[in-house]
Amino acid sequence: MRQNQFVNQVLAWQANHGRHDLPWQQPATPYRVLVSEIMLQQTQVTTVIPYFERWMSSFPTLQSLAAATEDQVMAHWQGLGYYSRARNLLKAARHLIEHSAGEFPDDLKELQEIPGVGRYTAGAIRSFAFDQYGPIVDGNVRRLFCRLFGIEGVPGTSVVDKELWRLAEELTPKEHNRRFAQGLLDLGATLCTPRNPNCTSCPLQADCVAFREQRQNELPHKKATKTIPRREAHFVLHLQADKPVRIRLLKRPPSGIWASLWCLPELDEAPTQGELVTEFTHTFSHFKMHGQVWLTQDSTLCLNEDSATQYVALEQLADFGLPAPFRALLPSLMQEI
DNA sequence: AAATCGTGGAG
DNA sequence: TCTCCAAGATT
């Protein structure tokens, strides 16, 4: 399949059937594109939209973001997951202001020097913000290419990824890059879906290896699933007696799970004195947490120099970035007691 | 190269 | 309930 033909089919389909009303498409300024692309990493569009709106309302410009505190940023990101993205976005704003007076580079290599911006995101910024040549390989493109060209290996391995990027660089046109990149993503998201793709409506059907061989559901090949381990976790619920009731929160360290979020103090083992108030299970990508929450009078648990601690009332809770299970748990817990 | 890093949508 | 996986980056 010739490059020209491929590009034209993607562009023509995009014009009629693609998505044109996503919040970050109007207007597609470099800052808005950066924020949306970071939020969209491993995260579905419908999940991102309300976060994007809230973010833009609070941090409308790169300058306003650079002036924000880490806690403000984390509070806006709470519930979205992969929290290093939030810290990197703050670093990115300060990086751009320091290195180029707030101006975005339009060069692929320089874009990848921005914290949190890798090869995909650099290409996306080039395409969406500058309408320039910017190859992209994300989950959508990976699936589309593996089927269209009948790529047999498992994506994620270096051989297959190298081939996917080679194809992306080769097939990406020199003009109409915004529409082309959007078309690729829209094709993957709406037609060339993981299960039961809508090949009948696909403009590339005639050239698709997977369709010809009726292997749409086999490609791309999936990597072997591994069972995730289960970890025990213990959390301290320490209340300040006076009204209004306040609970002690501890800021988690800058690395590891839930980095930089505020959380109930975590212990290695169950406290010797304490009442089990509630427990929960929470599944991450790579382990399952069984958490137990212990009510205690001991205010000295988990006290150390490097982590900030604060007593927080129910009304202030929204200002703190909390892990998802505690965002669900704490309000009712504080009202009952 | 393989692990780590979250949460929720959708079947 | 279980599984797959989403506009990936970083170490």
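The structure displayed is predicted, hence computed values, not measured ones.
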*If we ignore angles and hydrogens, is there a donor and acceptor under 3.5 Å between the side chains of A:Arg231 and A:His290?*
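No donor-acceptor contact under 3.5 Å links the two side chains.
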Between side-chain atoms of residues 102-111 of chain A and protein atoms elsewhere (two or more places apart, or another chain), which donor-acceptor pairs fall under 3.5 Å?
| from | atom 1 | to | atom 2 | distance (Å) |
| --- | --- | --- | --- | --- |
| A:Asp107 | OD2 | A:Lys109 | N | 3.0 |
| A:Asp107 | OD2 | A:Glu110 | N | 3.0 |

*Can you find a side chain N or O atom of A:Thr121 that sits less than 4.0 Å from OP1 or OP2 on C:dA9?*
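Answer yes for this pair, as a side-chain N or O of A:Thr121 is under 4.0 Å from OP1 or OP2.
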*Could you tell me whether the phosphate oxygens of C:dG8, OP1 or OP2, come under 4.0 Å of any side-chain nitrogen or oxygen in A:Gln42?*
yes
What is the nucleic acid contact for [X], judged by heavy atoms within less than 4.0 Å: base, sugar-phosphate only, or nothing?
| X | result |
| --- | --- |
| A:Gln78 | nothing |
| A:Ser158 | sugar-phosphate |
| A:Ser84 | nothing |
| A:Leu22 | base |
| A:Trp24 | base |

*Taking only residues two or more places apart in sequence or in another chain, which ones pass ring-ring contact (aromatic ring centres under 6.0 Å, His included) with A:Trp55?*
A:Phe59, A:Trp77
*A:Tyr82 or A:Gln44, whichever maps to the more 5' nucleotide of DNA chain B*: A:Tyr82
Sequence neighbours excluded and cut-off under 3.5 Å, please list the side-chain donor-acceptor pairs for residues 112-123 of chain A, or say none.
| from | atom 1 | to | atom 2 | distance (Å) |
| --- | --- | --- | --- | --- |
| A:Gln112 | OE1 | A:Arg119 | N | 3.4 |
| A:Arg119 | NH2 | A:Glu169 | OE2 | 2.8 |
| A:Tyr120 | OH | A:Glu37 | OE1 | 3.0 |
| A:Thr121 | OG1 | A:Gln41 | NE2 | 3.1 |

Pairwise N/O distances under 3.5 Å, protein to nucleotides 1-3 of chain C:
none

_C1' atoms of C:dT11 and B:dA1, separation to the nearest Å_ = 11 Å
*Could you state the CG-C1' distance from A:Leu89 to C:dG8, rounded to the nearest angstrom?*
14 Å
*Taking 5' to 3' order, which nucleotide of DNA chain B is first and which is last to have an atom within less than 4.0 Å of a heavy atom in chain A?*
B:dA1 to B:dG11
_At a heavy-atom distance below 4.0 Å, what parts of residues 321-330 of chain A sit against DNA chain C?_
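None - not one residue of the stretch has a heavy atom sitting under 4.0 Å from the strand.
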*Please evaluate the base of C:dA7 for a donor-acceptor partner in the side chain of A:Arg19 within a cut-off of under 3.5 Å?*
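In this structure, the two groups form a donor-acceptor pair.
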*Which of these nucleotides, C:dT10, C:dA6, C:dA7, is closest to any side-chain atom of A:Arg142?*
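In terms of side-chain proximity for A:Arg142, the closest of C:dT10, C:dA6, C:dA7 is C:dA6.
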